[in-house]
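Since the structure comes first, as structure tokens, the remarks are kept for the end.
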Amino acid sequence: MRYDLVIFDNDGVLVDSEPISNRLLAAQLTELGHPTSYEESIRDYMGSAMHRIHDLVLERTGQRLPEDFDEVFHARVFAAFERELRPVAGVTEVLEKLAADGVPYCVASSGSHARIRVGHRTTGLDRWFDEDRIFSSEDVGRGKPAPDLFLYAAERMGVAPERCVVVEDSPLGVQAAVAAGMDVYGFTAMTPAARLADAGQLFSRMGELADLLI
């Protein structure tokens with residue numbers, strides 16, 4: 001194994017949540033007078049921490065989102081997760097192999113701790129991620145594309161950044177990993193490869209990952 005730590009993004013990498021959350025985000029922004037299509041939500045907000053959504057809307061429109069925006073959004077997302085969420089195809093096998101080989105891994109997500117845990121509990125991935133393996137943008141001052149979250153996860157896991165590899169599916173996440181001095185593998189199942197061009201390795205099926213990491 002060429003790395004001492006594998007850091008997974010969560011949404012779209014471990015759990016197949018991006019179609020659900022971006023559908024709901026586009027609908028909620030549109031309800032509030034900021035017309036947004038599903039495709040625009042994927043393009044502009046995929047991989048973002050909530051504060052970045054607020055910042056972009058304010059920058060583009062001069063209007064602030066309501067104070068309860070995050071609360072309403074998370075309530076809708078969590079309810080939809082309970083009905084619809086599934087693990088990304090092939091990720092359970094990857095986690096099984098890492099565990100069997102004794103390779104350290106963790107998750108570092110722009111999502112809140114509550115969102116990560118709801119998703120893992122719903123999909124059964126919670127068996128692979130105890131409290132010491134879960135890191136959220138809530139833990140640091142700046143979310144992706146800043147490197148802070150990945151650097152924090154590496155520090156907490158006791159691994160130097162250059163010995164880490166990040167598995168990401170968003171341009172913001174790839175930027176953050178590169179800025180952290182880590183190798184990054186771009187998962188292109190939902191994101192065009194050209195948007196993840198800064199990743200050192202691209203792959204389209206999660207089942208390919210275990211062999212790529214060797």
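Quick caveat: nothing in here was measured; it's all calculated off a predicted structure.
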Side-chain ion pair, [X] and [Y], N-O less than 4.0 Å:
X	Y	value
Glu138	Arg115	no
Asp148	Arg142	yes
Arg76	Glu31	yes
Glu18	Arg23	no
Asp139	Arg156	no
Arg52	Glu59	no

*Tell me, do Asp9 and Leu14 make a side-chain contact under 4.5 Å, heavy atoms counted?*
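Not in contact.
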
Using a 4.5 Å cut-off on heavy atoms from C-beta on, say whether the side chain of Ser109 contacts that of Asp11.
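A side-chain contact under 4.5 Å exists here.
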
Tell me the closest heavy-atom pair linking [X] and [Y], and the distance in Å.
X	Y	result
Phe150	Gly173	CE1-O, 3.5 Å
Leu213	Val6	CD1-CG2, 4.1 Å
Leu149	Ser110	CD2-N, 4.3 Å
Leu212	Gln201	CD2-NE2, 4.0 Å
Gln175	Pro145	OE1-CB, 3.6 Å
Leu65	Leu29	CD2-CD2, 3.9 Å

Using modelled atom types only, decide if a donor and an acceptor are shared between the side chain of [X] and the backbone of [Y] within a distance under 3.5 Å.
X	Y	result
Glu208	Arg205	yes
His74	Asp70	yes
Arg86	Ser17	no
Ser37	Glu40	yes
Ser41	Tyr38	no
Thr188	Ala193	no

(Q) Classify the ring geometry of Phe73 against Phe69: parallel below 30°, tilted from 30° to 60°, perpendicular beyond 60°. (A)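 Parallel: the ring planes of Phe73 and Phe69 meet at under 30°.
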
My understanding is that only residues two or more places apart in sequence, or in another chain, count here; which of them pass salt bridge (Lys or Arg N to Asp or Glu O under 4.0 Å) with Asp44?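 In terms of salt bridge (Lys or Arg N to Asp or Glu O under 4.0 Å), with neighbours along the sequence ignored, Asp44 is linked to Arg60.
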
request  = Can you sort out the partners of Asp4 under salt bridge (Lys or Arg N to Asp or Glu O under 4.0 Å), two or more places apart, ordered by chain and number?
outcome  =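 Here the qualifying residues are Arg163.
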
Using distance only, find each side-chain donor-acceptor pair of residues 93-104 under 3.5 Å and give its atom names and separation, not counting sequence neighbours.
residue : atom : partner : partner atom : Å
Lys97   : NZ   : Asp101  : OD2          : 3.1

field: Between Tyr105 and Phe129, ring centroids under 6.0 Å
entry: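 Aromatic pair counts; centres sit under 6.0 Å.
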
Item checked: Glu162, CD: over 12 other non-hydrogen atoms inside 6.0 angstrom ->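 It does: Glu162 CD has more than 12 such atoms within range.
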
- Output the distance between atom CG (Asp183) and atom SG (Cys164), rounded to the nearest 0.5 Å.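 The CG atom of Asp183 sits 9.5 Å away from the SG atom of Cys164.
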
